[in-house]
Amino acid sequence: MSQPTCPPAQIVADTIVRTVELGVRITDAALDGETTVVWCELITDGPDVCPGCGLVGVYRDSTERRVCDVPVVGHPLVLRVRVPRYRCVHDGCAREIFAHDSARLARPGASTTRRCADYVLRRLAIDKATVAAVARELGRSWDTVNSVAVAATEQLLLRAGPARLDGVQVIGVDEHKWAHVFGAAGDGFVTVITDLTEVVAGRGPARLLDVVADRSAAALKTWLDDRDQAFRDGVRVVAMDGFGGYKNAATDAVPDAVTVMDPFHVVALAGAKLDLCRQRVQQDTLGHRGRTGDPLYRARRTLRTRLALLTDRQRARLEAVFAADEHVAVEVTWWAYQQIIAAYADQNRQRGKTLLTAVIDRLRTGLPAGLDELATLGGRVRGGGGWR
């Protein structure tokens, strides 16, 4: 392709910012602090037709639409677009005045361009950025960026259609606090449903299937019941947290599937039991809650540290704590916690599963008195311990 010797500044600006993708042409630009402000005009082929009667309108004046666009060289970008307005020539039309269609630029009423949605999803899902970080990049509020992400995700699910459910054999279910979206309709919690089939097979990442308002057995059961029978018959495993309502819903809706607790929640539950054991022994031995200088209280964070990550100083602290006979229950509970972590971390999946099964079997049978927390842990993770 031949190149112009000295292209007009307007063409250079349009090319750099790629405004042609949005159907606008740059006319001017300025800086407003950290924000780049670009004035544009809508690219049109002439007067637009009235959305009410379909007749071509007569130019009346113009209005300005301000929308946020993807950042330029790390700075927020705001487009101030001049949009023509027309007068409808049909006397009986309810739309006396209407603006030129700018849907290519942004959705009706939106404060961000259409391509902002792709940018937000890419930064959140691929780059693992936080909503707050993306909000700073765009120069918008946290709520605005979150709303863009939610709407874009919904559109992805709609475009994927029923085909997104094909081949799903393992689903993951978990609750998530999302008060900024559903807070007005309940306690702000949602049920997140993901496809873990590729993860279990070792072929790829998890996929989001849906986000359902509320965290109840009814929320999950309704979602499963709304799927066709072929989908329900294909589900072999349902991985979830320790909430009994999810287990009951899965058992009712997909009775042939195996319900397990996922690894994250198994380890989290074991860590919680370790904390409870430490607090109980603290009360039994000293008669009060942990205070600065109490051996168990000083070791509370060290106890939750993975064995392979302990420093020499931390190991010495634990040895001093475990040397006391009255702390034996804490030591046994700590060791079970470490074994569970090690089982999930084992690179050999079969060996890791064998190790975890052995730990669970020991928790369920033959525990001596004084290990109440481990006994309840064994009851919660029975049936495979939620093996990944």
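Because only heavy atoms are used, hydrogens play no part in the values below, and waters and symmetry mates are left out as well, while side chains stay in.
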Task: Pairwise distance CG(Asp275) to CD(Gln282) - rounded to 0.5 angstrom - done: 12.5 Å

- [ ] Check whether any side-chain N or O of Asp294 sits under 3.5 Å from a backbone N or O of Arg291 as a donor-acceptor pair, and report yes or no.
- [x] yes

TODO: Apply side-chain hydrogen bond (donor to acceptor under 3.5 Å, both in side chains) to Arg65 and Ser102, showing your working.
DONE: CA-CA 9 Å; Arg65 183 173 185 184; Ser102 59; 2.8 Å; yes

Open item on the list: Other residues, nucleotides and ligands only: do more than 12 of their heavy atoms fall within 6.0 Å of CZ on Arg85?
Closed with: yes

- [ ] Tell me whether the guanidinium CZ or amine NZ of Arg95 lies under 6.0 angstrom from the six-membered ring centre of Phe98 and within 45° of its axis.
- [x] no

Task: CD-CG distance between Glu41 and Asp28, expressed to the nearest 0.5 angstrom - done: 11.5 Å

Open item on the list: Tell me whether Arg280 is salt-bridged to Glu373, with the criterion being a basic N under 4.0 Å from an acidic carboxylate O.
Closed with: yes

TODO: Name the orientation class of the two ring planes belonging to Tyr86 and Tyr59 (parallel below 30°, tilted from 30 to 60°, perpendicular beyond 60°).
DONE: perpendicular

Open item on the list: For the residue pair Tyr246 / Ser216, report whether a side-chain donor-acceptor contact shorter than 3.5 Å exists.
Closed with: no

TODO: Answer yes or no: is there a donor N or O on one side and an acceptor on the other, between the side chain of Thr194 and the main chain of Leu208, under 3.5 Å?
DONE: no

- [ ] State plainly whether one hydrophobic cluster holds both Trp335 and Leu374, where clusters connect Ile, Leu, Val, Met, Phe, Trp and Tyr through side-chain heavy atoms under 4.5 angstrom apart.
- [x] yes

TODO: Kindly indicate, with the supporting measurements, whether the criterion salt bridge (Lys or Arg N to Asp or Glu O under 4.0 Å) is fulfilled by Arg122 and Asp127.
DONE: CA-CA 7 Å; Arg122 184 172 66 254; Asp127 300 335; 5.1 Å; no

Task: Close side-chain approach of Pro76 and Cys68, heavy atoms under 4.5 Å - done: no

Task: Path from Leu269 to Val332 over hydrophobic side-chain contacts below 4.5 Å - done: yes

Open item on the list: For the CG atom of Leu55 and the SG atom of Cys93, what is their distance to the nearest 0.5 Å?
Closed with: 7.5 Å

Task: Evaluation steps, side-chain hydrogen bond (donor to acceptor under 3.5 Å, both in side chains), between Ser141 and Thr144 - done: CA-CA 5 Å; Ser141 69; Thr144 296; 2.9 Å; yes

TODO: Apply the test salt bridge (Lys or Arg N to Asp or Glu O under 4.0 Å) to residues Glu21 and Arg115: give CA-CA distance (whole Å), side-chain angles for both, the deciding distance (0.1 Å), then the verdict.
DONE: CA-CA 9 Å; Glu21 297 176 353; Arg115 63 185 180 187; 2.9 Å; yes

- [ ] Could you give me the CA-CA distance, side-chain angles and deciding distance for Tyr119 and Glu137, then say whether side-chain hydrogen bond (donor to acceptor under 3.5 Å, both in side chains) is met?
- [x] CA-CA 11 Å; Tyr119 175 83; Glu137 295 170 5; 2.5 Å; yes

Task: Salt-bridge present (Arg232, Asp225; N to O < 4.0 Å) - done: no

Task: Arg82 with Glu64: basic N within carboxylate O range, under 4.0 Å - done: no

- [ ] Give the cluster check for Ile340 versus Leu367: same hydrophobic cluster or not, with ILVMFWY residues linked at side-chain heavy-atom distances below 4.5 Å.
- [x] yes

TODO: Give the intermediate values and the outcome of side-chain contact (heavy atoms from CB on, under 4.5 Å) for residues Arg304 and Leu274.
DONE: CA-CA 8 Å; Arg304 293 292 295 268; Leu274 174 58; 4.0 Å; yes

Task: Contact check, side chains of Asp372 and Leu276, non-hydrogen atoms, under 4.5 Å - done: no

TODO: Answer with yes or no whether the hydrophobic clustering places Leu377 together with Val328; edges join I, L, V, M, F, W, Y residues whose side-chain heavy atoms lie under 4.5 Å apart.
DONE: yes

- [ ] Examine distances only and state if a side-chain atom of Thr197 and a backbone atom of Gln169 form a donor-acceptor pair shorter than 3.5 Å.
- [x] yes

Task: Sub-6.0 Å ring centroid separation between Trp223 and Phe231 - done: yes

Open item on the list: Please say yes or no: joined through hydrophobic side-chain contacts below 4.5 Å, possibly via intermediate residues, are Leu307 and Tyr344 part of one cluster?
Closed with: yes

- [ ] Indicate whether any N or O donor in one side chain lies under 3.5 Å from an N or O acceptor in the other, for Arg25 and Thr19.
- [x] no

- [ ] Please check if any side-chain donor atom of Thr333 sits under 3.5 Å from a side-chain acceptor atom of Lys273, or the reverse.
- [x] no

Open item on the list: Under a 3.5 Å cutoff, is there a donor and acceptor pairing between the side chains of Gln339 and Arg362?
Closed with: yes

- [ ] Determine, for Lys221 against Asp252, whether the closest basic-nitrogen to carboxylate-oxygen distance falls under 4.0 angstrom.
- [x] no

